[in-house]
Participant: 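Here's a structure for you.
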Amino acid sequence: MLFATWNVNSIRTRLSQVEEFLDETQPDLLCLQETKVEDKLFPRESIEKRGYQVSFYGQKAYNGVALISNQKLDDIRLGISGELVNNQVSTFLDEQKRIISALINGIRVVNVYVPNGSSLDSEKYIYKLKWLDHLKKYFESQEERSEPLCLMGDFNIVLEEKDIHNPKRFNNGIMASLSEREALQNVLGTRLEDVFRLFEADTGHWSWWDYRSGAWQKDQGWRIDHIYLSEELINNARSCVIHKKARGNIQPSDHAPVLVDINWPPQEDNENSLFY
DNA sequence: ATGGCGAAAAAATTTCGA
């Protein structure tokens, strides 16, 4: 199974690049973030024409997530909520369109667009921490606990210095502060592991380059798009790569796709990755 | 230290993202 995640920063602006990506890499599942479009206006036709099923959960102008799959998706959840907070059932995670989830080949995939937070003194930062706390409580209170779990998307957080091109400058600011790192770590618990780091220990690998300041030309980026897997899946992962090429497209998203190849359902596997 | 750039909404500028 080949899974991908990509913050496209508007599906309508990036549609031809998504089509090209599907044709070129042929993922079984592509998780999109920042589709920035209401559901009735989602450009589904050219994707479905390629044999992919599309599920989307969007809103006007901001946020929005989608699942594009060539396998059957079961138990699709447009948004999630129902987390228990102080013994009350909450709907906080449905306030903004940031999560979509489904079962694919027995794997529970949760596609997230974590709030950015703006700056450490912003109300939006409080919201980011609260959002992550609710996500933690969601995982604690749901049956996903017993399913192989893949949590992927745009996290807007780095957990380690080596995921920032200039840690000296950015290490305690937004996307790298201790509180949000702890909040994400609490979501992951001991169950979820960053599959990219299973294959690559070095710094210098980014998934997002700011549009400003010539960050792409200078290769000054951050690795904020992640794929987290539970143990059954980690043990069968073949590769995880950042599809950096897409950031070099004409009129690109500021994020590049991230891909994981998993031997699933587990087969006798003497091959290296079939993908890269 | 600040502002870069790009997209959406909507009609020249403003808001937001990271």
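So you know, we letter chains A, B, ... as the sequences are listed, proteins then strands, and number each from 1.
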Participant: As a test of reading the structure: which of dA8(B), dG3(B), dA18(B) is closest to the side chain of Lys36(A), going by heavy atoms?
Facilitator: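 Minimum distance to the Lys36(A) side chain belongs to dA8(B).
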
Participant: Do you know the tightest heavy-atom contact between Glu48(A) and Val54(A)?
Facilitator: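 Minimum heavy-atom separation between Glu48(A) and Val54(A): CG-CG2, 4.0 Å.
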
Participant: Among the candidates dG17(B), dA9(B), dA7(B), find the nucleotide nearest to the side-chain atoms of Thr13(A).
Facilitator: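 Of the options given, the side chain of Thr13(A) lies nearest dA7(B).
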
Participant: Rounded to the nearest angstrom, tell me the gap between atom CG in Asn249(A) and atom C1' in dG6(B).
Facilitator: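 These atoms are roughly 15 Å apart.
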
Participant: Once you apply a heavy-atom cut-off of 4.0 Å, does Asp225(A) come out as touching a base, just sugar-phosphate, or nothing?
Facilitator: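 Result for Asp225(A) = nothing.
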
Participant: Would you please indicate yes or no on a ring centroid separation below 6.0 angstrom for Tyr138(A) and Phe92(A)?
Facilitator: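 Ring centres of Tyr138(A) and Phe92(A) not closer than 6.0 Å.
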
Participant: Kindly state whether the ring of Phe155(A) and the ring of Tyr228(A) have centres lying under 6.0 angstrom apart.
Facilitator: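 Close enough - the centres of the two rings lie under 6.0 Å apart.
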
Participant: With rounding to the closest Å, how many angstrom separate the P atoms on dA18(B) and dT14(B)?
Facilitator: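 Their P atoms lie roughly 22 Å apart.
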
Participant: Round to the nearest Å and state the distance from Lys60(A) atom NZ to dA10(B) atom P.
Facilitator: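 Distance, rounded to whole Å: 5 Å.
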
Participant: Taking the P atom in each of dG6(B) and dT2(B), what is the distance between them to the nearest angstrom?
Facilitator: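 It works out to 23 Å between them.
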
Participant: Within less than 4.0 Å of OP1 or OP2 of dA7(B), is there a side-chain N or O belonging to Arg14(A)?
Facilitator: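 Yes, Arg14(A) has a side-chain N/O under 4.0 Å of OP1/OP2 on dA7(B).
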
Participant: Of Asn7(A) and Gln251(A), whose nearest nucleotide on DNA chain B comes first from the 5' end?
Facilitator: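 First, find each residue's nearest nucleotide; the 5'-ward one identifies Gln251(A).
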
Participant: Could you please name the option among dT2(B), dC5(B), dA18(B) that lies closest to any side-chain atom of Tyr211(A)?
Facilitator: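 Selected nucleotide (nearest to the side chain): dC5(B).
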
Participant: Looking at Asn9(A), Thr5(A), Asp225(A), which one forms a side-chain hydrogen bond (donor to acceptor under 3.5 Å, both in side chains) with His255(A)?
Facilitator: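 For His255(A), the side-chain hydrogen bond (donor to acceptor under 3.5 Å, both in side chains) test succeeds with only one of Asn9(A), Thr5(A), Asp225(A), which is Asp225(A).
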
Participant: Could you state the atom-to-atom distance from CZ of Phe170(A) to C1' of dA18(B) in whole Å?
Facilitator: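 Checked: the CZ to C1' distance equals 10 Å.
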
Participant: Remember a base hit wins even if backbone is also touched, and classify Lys124(A) as base, sugar-phosphate or nothing at under 4.0 Å, heavy atoms.
Facilitator: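 The residue Lys124(A) makes sugar-phosphate contact but no base contact.
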
Participant: What's the gap between dA10(B) and dC16(B) when it is taken at their C1' atoms, as a whole Å value?
Facilitator: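 Going atom to atom, C1' in each nucleotide, I get 15 Å.
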
Participant: Ignoring hydrogens, what is the shortest heavy-atom contact between Phe196(A) and Val241(A)? Give both atom names and the distance.
Facilitator: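 Residues Phe196(A) and Val241(A), closest heavy atoms: CE1-CA, 4.5 Å.
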
Participant: Starting from P on dC16(B), measure out to CG on Asp154(A) and report it in whole angstrom.
Facilitator: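 Checked: the CG to P distance equals 18 Å.
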
Participant: Rounded to the nearest angstrom, tell me the gap between atom CG in Leu15(A) and atom P in dA7(B).
Facilitator: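 One finds 14 Å between P of dA7(B) and CG of Leu15(A), rounded.
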
Participant: Could you state the CD-P distance from Glu38(A) to dA7(B), rounded to the nearest angstrom?
Facilitator: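 Atom CD in Glu38(A) sits about 19 Å away from atom P in dA7(B).
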
Participant: Should Asn9(A) be listed as having a side-chain N or O under 4.0 Å from OP1 or OP2 of dA7(B)?
Facilitator: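 Checking dA7(B) against Asn9(A), no side-chain N or O comes under 4.0 Å of OP1 or OP2.
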
Participant: CG of Asp210(A) versus P of dG6(B): gap in Å, rounded?
Facilitator: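 Answer to the nearest Å: 10 Å.
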
Participant: Mind checking the C1' distance from dG4(B) to dG17(B)? Whole angstroms is fine.
Facilitator: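 One C1' to the other, the span is 13 Å.
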
Participant: For Asp202(A), is there an ion pair with Arg197(A) - N to carboxylate O distance below 4.0 angstrom?
Facilitator: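 The answer is no: the pair does not qualify as a salt bridge.
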
Participant: Looking at every strand, decide which applies to Trp208(A) at a 4.0 Å heavy-atom threshold: base, sugar-phosphate, or nothing.
Facilitator: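 Counting heavy atoms under 4.0 Å across all strands, the contact made by Trp208(A) is with sugar-phosphate only.
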
Participant: DNA chain B: Tyr113(A) or Ser213(A), which has the more 5' nearest nucleotide?
Facilitator: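 Its nearest nucleotide being more 5', the pick is Ser213(A).
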
Participant: Is there a side-chain contact between Arg12(A) and the phosphate of dA9(B), meaning an N or O under 4.0 Å from OP1 or OP2?
Facilitator: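 Looking at the OP1 and OP2 atoms of dA9(B), one of them is under 4.0 Å from a side-chain N or O of Arg12(A).
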
Participant: Return the value, rounded to whole Å, for the distance between atom CG of Leu41(A) and atom P of dA8(B).
Facilitator: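 It is 12 Å, rounded to the nearest whole Å.
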
Participant: Using only side-chain N and O atoms of Ser10(A), determine if any of them is under 4.0 Å from OP1 or OP2 of dG6(B).
Facilitator: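 Indeed not, no polar side-chain atom of Ser10(A) lies that close.
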
